[in-house]
A.B. asks: 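Got a structure for you, written out below as structure tokens; questions coming shortly.
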Amino acid sequence: MFLCCWLALGALIPLTLATDPGVKVKLTAKGLEYGRQLGMAAIQKKLKTIRVPDISGKASVSPIGTVQYSLTNLQIVDVGLPTSTVALVPGTGVRLSISKAFIRLDGNWRVKYLRIIKDSGSFDLNVSDLTVGASIAIKSDETGRPTVNSVGCEATVGSASIHFHGGASWLYNLFKDFIDKAIRDALQNQVRGKQPRTFTAALDYTFCLTAVLAKVDQYAEIEYSMVSSPAVTTSSIELGLKGEFYNIGKRQEPPFSAAAFDLPPQTDNMLYVGLSAFTANSAAFVYSTAGALSLYVTDDMVPRASPIRLNTRTFGAFIPQIAERFPGLMVKLLVKTSETPVVTFEPNNTTVQATGTVTAYAIQPNATLSPLFVLNLESSASARLFVNVMRVAGNVTLNKMDLTLGTSYVGEFKVTALNSVFQMVLKSVVVPQLNVQLAKGYPLPTIGKMTLVNTKLQVLKGYMLIGTDVQFNSTHGASQDSFLPWGTTL
């Protein structure tokens, strides 16, 4: 059930010590209604397969006296849940109400009376006006870890009507009213006893599908543990998640923290996900710390149509001493960051500021590298963000770059003369390589296995907002009938 997925995500993952979340997730009334529809379909399907316990008892019937009866092999043949509602309870959790439900069963009957007379046959049983209400609270224990608890379950069976077939059915139908009441009381007690466990079992099942720690690649993983208890209002449930990238196998906090942000009051979609600049910058910190933001560039990576080639002849045209000292050699460049890049979100605008170095080497005939110079690089890029399946991905475009001389091994020269060369290198080689990686995307927090539809992404001040509807179906995601535990007894 979609709602159960939400409660699992919101209540079964551990709290962390962060002050503000890097990611916020909100389920709206539209998503809640979809969850109700999905949940009712799942419950109705599963009810047809559950085992109903045998019922037995005694009745005093005039003029034959005490009659012992038993109803066995009860099978549900039809279930109807025509009216149901799901409501969020502010500050607490969720309440599900089902009314005007009906169940039709058949089975076998057996009776004994006057000590020696036995009889048997079959029966039909109609249960109508079944009403169930269940409330589930999300709380925290003494350690700060949230727990899911059933805080109440009410159930009433309006009527239960049985009709006997076979044997002396005409006689037993005379005291069916007594049997009806006994059955109604038994079913009512069964529903009250089993319903809370049905909901909490659904939560436990769904938790297995929800990733708290998602691997990104060989360098990074992202943590989506909770930093606070869910905020439940009458119209939505909002989760605050850590949303922080870490190096795989090495937990190192970045030298910055998440800033507070609020999701806008939008309700057109089922689900909203806000990813803050903190999350993006924690990713930049991880990859920078891991040394992953570096690239060797050789001439074979330069587009063939480019008139600029990476060799000492090209560089010698701007720095004559290179051509004199290293004639006829190819050049290799090492482009890498020297500081963690900074991602900034402003309305409809995402920018990336990167500080790095470019080291140029002449490749000797024996493949050894002779350093030529080191340039300091300041660059700015614009990013276009988009959602690809269940990942947020991007594409960057270079806006500007500034070069200054760091170290020269070939004497003094004017750095500005090399601007055209490095503009080509960044735009034709480095940026495309970076975009290949960014296109792979980074995993969003998932609610079980779901498909996003009607997805829109906005960049706002301090965070990006993803508004989307979701779908669960039999071919993609958890099957609907998985939300009632196998072996459940009504």
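Numbering of residues begins at 1 and proceeds along the displayed sequence. The structure displayed is predicted, hence computed values, not measured ones.
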A.B. asks: Is the shortest side-chain N to carboxylate O distance from Lys24 to Asp262 below 4.0 Å?
C.D. replies: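 A salt bridge links Lys24 with Asp262.
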A.B. asks: Salt bridge or not for Lys461 and Glu346, using N-O below 4.0 Å?
C.D. replies: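 Glu346 and Lys461: salt-bridged.
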A.B. asks: For the side chain to side chain donor-acceptor pair (under 3.5 Å) test, which of Thr351, Asn399, Asn349, Thr397 pairs with Ser382?
C.D. replies: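 Single pass found, and it is Asn399.
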A.B. asks: How are the rings of Phe285 and Phe256 set to each other: parallel, tilted or perpendicular (split at 30° and 60°)?
C.D. replies: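 Geometry flag for Phe256 against Phe285: perpendicular rings.
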A.B. asks: Taking Lys26 for its side chain and Pro264 for its backbone only, find out whether a donor-acceptor pair lies under 3.5 Å.
C.D. replies: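 Yes, Lys26 side chain to Pro264 backbone: donor-acceptor pair under 3.5 Å.
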A.B. asks: Looking at side-chain heavy atoms only, is the closest gap between Thr357 and Leu377 below 4.5 Å?
C.D. replies: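 Side chain of Thr357 against side chain of Leu377, heavy atoms only: no contact under 4.5 Å found.
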A.B. asks: I'd like to check the ring-ring contact (aromatic ring centres under 6.0 Å, His included) partners of Phe318; sequence neighbours left out, ordered by chain and number.
C.D. replies: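 Partners of Phe318 under the ring-ring contact (aromatic ring centres under 6.0 Å, His included) test: none.
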A.B. asks: I'd like to know whether CZ of Phe413 has more than 12 heavy-atom contacts from other residues, nucleotides or ligands below 6.0 angstrom.
C.D. replies: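 Enclosed: over 12 neighbouring heavy atoms sit under 6.0 Å from CZ of Phe413.
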A.B. asks: Check Val358, Thr404, Val415, Thr355 against Asn376 for a side-chain contact (heavy atoms from CB on, under 4.5 Å) and give me the one that passes.
C.D. replies: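 Option passing the side-chain contact (heavy atoms from CB on, under 4.5 Å) with Asn376: Thr404.
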A.B. asks: In this structure, are over 12 heavy atoms from other groups packed under 6.0 Å from Lys30 atom NZ?
C.D. replies: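 Yes, because the 6.0 Å sphere around NZ of Lys30 holds more than 12 heavy atoms from other groups.
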A.B. asks: Indicate yes or no: at least one non-hydrogen side-chain atom of Tyr463 is less than 4.5 angstrom from one of Val23.
C.D. replies: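 Side-chain contact under 4.5 Å: no.
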A.B. asks: Under a 4.0 Å N-O cut-off, is there an ion pair linking Glu244 with Arg251?
C.D. replies: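 Here Glu244 does not pair with Arg251 in a salt bridge, since their nearest N and O are not under 4.0 Å apart.
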A.B. asks: Which atom pair, heavy atoms only, marks the closest approach of Pro341 to Ala284?
C.D. replies: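 Closest heavy-atom pair between Pro341 and Ala284: O-CB, 3.6 Å.
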A.B. asks: Looking at Val94, Val25, Val232, Leu32, which one forms a side-chain contact (heavy atoms from CB on, under 4.5 Å) with Ile237?
C.D. replies: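 So the option named by the test is Val232.
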A.B. asks: Find out whether Leu310 and Leu333 are in side-chain contact, i.e. whether some heavy atom of one side chain is under 4.5 Å from a heavy atom of the other.
C.D. replies: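 Result yes, sub-4.5 Å side-chain heavy-atom pair found.
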A.B. asks: Got a salt bridge between Arg36 and Glu33, using NZ or NE/NH1/NH2 to carboxylate O under 4.0 Å?
C.D. replies: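 Here Arg36 pairs with Glu33 in a salt bridge, since their nearest N and O are under 4.0 Å apart.
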A.B. asks: Taking everything shown except Gln252 itself, do over 12 heavy atoms lie less than 6.0 Å from its CD?
C.D. replies: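 Check passes, neighbour count above 12.
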A.B. asks: A side-chain contact here means heavy atoms from C-beta on lying under 4.5 Å apart; do Val227 and Asp20 qualify?
C.D. replies: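 Not in contact.
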A.B. asks: Are a donor atom and an acceptor atom from the side chains of Ser225 and Glu223 found within less than 3.5 Å of each other?
C.D. replies: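 Their side chains do contain a donor-acceptor pair, which is all the 3.5 Å distance test asks for.
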A.B. asks: Could you tell me if the side chain of Val302 sits less than 4.5 Å from the side chain of Met424, heavy atoms only?
C.D. replies: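 Side chain of Met424 against side chain of Val302, heavy atoms only: contact under 4.5 Å found.
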A.B. asks: In Å and rounded to the nearest 0.5 Å, what is the OG to CG distance from Ser380 to Asp402?
C.D. replies: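 It is 9.5 Å, given to the nearest 0.5 Å.
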A.B. asks: I need the Ser282 OG to Tyr287 OH distance, nearest 0.5 Å.
C.D. replies: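 Between Ser282 OG and Tyr287 OH, I get 10.0 Å after rounding to 0.5 Å.
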A.B. asks: Scan Asp469, Val389, Leu444 and name whichever one has a side-chain contact (heavy atoms from CB on, under 4.5 Å) with Leu452.
C.D. replies: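 Exactly one option meets the side-chain contact (heavy atoms from CB on, under 4.5 Å) with Leu452, and it is Leu444.
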A.B. asks: Tell me, do Thr28 and Asp268 make a side-chain contact under 4.5 Å, heavy atoms counted?
C.D. replies: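 A side-chain contact under 4.5 Å is absent here.
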A.B. asks: Determine whether Thr455 and Ile466 make a side-chain contact, defined as any pair of heavy atoms from C-beta on separated by less than 4.5 Å.
C.D. replies: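 A side-chain contact exists here, since the closest heavy-atom pair is under 4.5 Å.
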A.B. asks: Compute whether any side-chain donor of one residue and acceptor of the other, for Thr451 and Gln471, lie under 3.5 angstrom apart.
C.D. replies: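 Gln471 and Thr451 do not have a side-chain donor-acceptor pair below 3.5 Å.
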A.B. asks: Only pairs at least two apart or in different chains count here, so list each salt bridge (Lys or Arg N to Asp or Glu O under 4.0 Å) that has a residue in residues 308-323.
C.D. replies: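 Applying salt bridge (Lys or Arg N to Asp or Glu O under 4.0 Å) to every pair that reaches into residues 308-323, excluding sequence neighbours, yields Asp299-Arg309.
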A.B. asks: Just so I know, are the side chains of Asn454 and Thr468 near enough to count as touching, which here means a heavy-atom distance under 4.5 Å?
C.D. replies: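 No; the side chains remain at least 4.5 Å from each other.
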